[in-house]
Amino acid sequence: MSDPMTHHTLGGPLTPRAARLAAELEAWDRRTITLMELWPLFARADPASATRSTRRADLAATIAALADAGMVVVSKQFDRTAVPPLPAKLTLPAVAITVTAAALAKAVPWRPELAWAASARLTVGQVGVLQTVNGWLRDRGRDTDVLPLRERSLELFGYEKRLDALICTSLFGPDRLTLRMLRTFRARPPLPVRRVGDGPILLVVENADTFDSLRQGLTATSTAVGHIAWGAGAAFEASVLGIGELDGVHDVAYFGDFDADGLRIPASAAATAAIEGLPAIRPARGLYRLLFERGITQPGQAPLSEPRAAELAAWLGEHAAVARRLLASAVRIPQESVNAAMLVDTAEIWSADL
């Protein structure tokens, strides 16, 4: 019987499954990986394998393909507790991967859109990714429907979050891969909104618990707030576009954690709102006043430089001076400090100055 690690043609194109495992291995932080460590990577590279009876054979064939491509060197010790046997450990070469990738790339009949791949400096995993795209473009890329990013990612790679990671790599950019080429787009996350009155103000709240406390407080208090939305942290940087779908909103107040991210998120959303002609995103003044006066301070990750602290604090307007000082001192205040009990006790103050 032939050795399951050596029956592939040397230098042949990687299968999509092998390409996905190659990409997982390229992110591995050590030169060696044990079989026990390899299984979770294979599960991410080929999620459908979890329910297949051929899972072990599939991994053996995939390791063989990567060994033929020069991506891994198999150990002499094998796990023979089941069939087929699998190497107990793989070693990841430190030098020869780029040379092997170049040879693989030159052997592929690339579509015109991917002709650049033949001369680009790529890793084996990247060549495999591009092979998958190449086959998709050849077979159906021109006529297929436009799909959201994660739906296209699942179709192409068998993993819905693969394109999320690839977009941040050198494979994407001018004259390389683009979302338009893949006939996909980043779907805008929804902005969860509840109506709490008839006023023109939309109050956006960063975290879920404070959203719930404020929703209840606004329902029981007469204010100028007509809608309250859950920003869901950094998701608001994209879901801010949903404001345009709300009737009667002419003013948007935001309330979040006091820390670097808690200020960066609304400032970023405000920039998007300005570009799109939406109402300005301003701080919920009364709620931030409560946060600074009665909030529970915590140590932040690190003190910010004076210029960076001033840049982030500027969005807070009248509270910028105290915010700049706290950021420079590595202090954060979670918005949950303004809790349901405090909102009841101070309803007149915060609602009047929202």
Side-chain angles (χ1 to χ4, degrees), residues 188-197 199-218 221 223-246 248-295 309-324 326-327 332-340 342-343 346-347 349-354:
R188 186 183 73 218
L191 181 64
V193 179
R194 296 290 183 272
R195 179 173 280 281
V196 291
I201 298 177
L202 166 67
L203 174 62
V204 181
V205 185
E206 180 178 350
N207 299 328
D209 284 15
T210 309
F211 167 85
D212 187 71
S213 293
L214 279 164
R215 180 180 59 81
Q216 294 186 49
L218 287 165
T221 306
T223 74
V225 177
H227 298 82
I228 183 170
W230 175 38
F236 183 56
E237 294 177 71
S239 65
V240 62
L241 296 174
I243 292 173
E245 301 172 0
L246 299 175
V249 171
H250 305 294
D251 185 13
V252 181
Y254 184 92
F255 180 50
D257 293 328
F258 174 73
D259 55 22
D261 281 343
L263 297 180
R264 180 191 58 77
I265 290 166
S268 173
T272 300
I275 293 170
E276 298 296 327
L278 298 170
I281 312 298
R282 64 167 177 84
R285 294 177 290 268
L287 292 171
Y288 278 107
R289 181 175 295 110
L290 283 175
L291 191 70
F292 288 124
E293 291 177 354
R294 300 175 58 175
E311 178 186 359
L312 288 171
W315 176 78
L316 280 170
E318 65 186 70
H319 300 299
V322 64
R324 183 171 63 250
L326 293 173
L327 289 171
R332 72 179 299 270
I333 311 175
Q335 71 169 164
E336 289 83 358
S337 294
V338 180
N339 59 35
M342 186 187 300
L343 289 168
T346 59
I349 298 174
W350 66 262
S351 64
D353 196 22
L354 192 63

**Request:** Could you check Leu326 against Ile333 for side chain to side chain contact (heavy atoms under 4.5 Å, CB included), going step by step and ending with a plain yes or no?
**Result:** CA-CA 9 Å; Leu326 293 173; Ile333 311 175; 4.3 Å; yes

**Message:** Strictly distance-based, threshold 3.5 Å: is any side-chain N or O of Trp350 a donor or acceptor partner for the main-chain N or O of Leu343?
**Reply:** yes

**Asked** Nearest 0.5 Å, what's the CG-CD1 distance between Leu354 and Ile349?
**Response** 13.5 Å

**Asked** Aromatic rings Tyr254 and Phe236: how do their planes relate, parallel, tilted or perpendicular, breaks at 30° and 60°?
**Response** parallel

**Message:** According to side-chain contact (heavy atoms from CB on, under 4.5 Å), who are the partners of Ala235, at least two apart in sequence or on a separate chain?
**Reply:** Ala232

**Asked** Any donor and acceptor pair, going by atom type alone, linking the side chain of Asp257 with main-chain N or O of Gln335 inside 3.5 Å?
**Response** yes

**Request:** Taking Thr346 for its side chain and Met342 for its backbone only, find out whether a donor-acceptor pair lies under 3.5 Å.
**Result:** yes

**Message:** List the residues meeting salt bridge (charged side-chain N to carboxylate O under 4.0 Å, His left out) with Glu318, not counting sequence neighbours, and say none if there are none.
**Reply:** Arg289

**Asked** Only one of Val193, Ile201, Val196, Val204 forms a side chain to side chain contact (heavy atoms under 4.5 Å, CB included) with Ile228, so which one is it?
**Response** Val196

**Prompt:** Can any side-chain N or O of Trp230 pair as donor or acceptor with the backbone N or O of Glu206 at less than 3.5 Å?
**Reply:** yes

**Asked** What pairs with Ser351 under side-chain hydrogen bond (donor to acceptor under 3.5 Å, both in side chains), at least two apart in sequence or on another chain?
**Response** none

**Message:** Using only atom types and a distance under 3.5 Å, with no angle test, would you say the side chain of Thr210 pairs donor to acceptor with the backbone of Asn207?
**Reply:** no

**Message:** Salt bridge check, Arg188 against Glu245: does any charged N sit closer than 4.0 Å to a carboxylate O?
**Reply:** yes

**Prompt:** Which word best sums up how the rings of His319 and Tyr288 line up, parallel for under 30°, tilted for 30 to 60°, or perpendicular for over 60°?
**Reply:** tilted

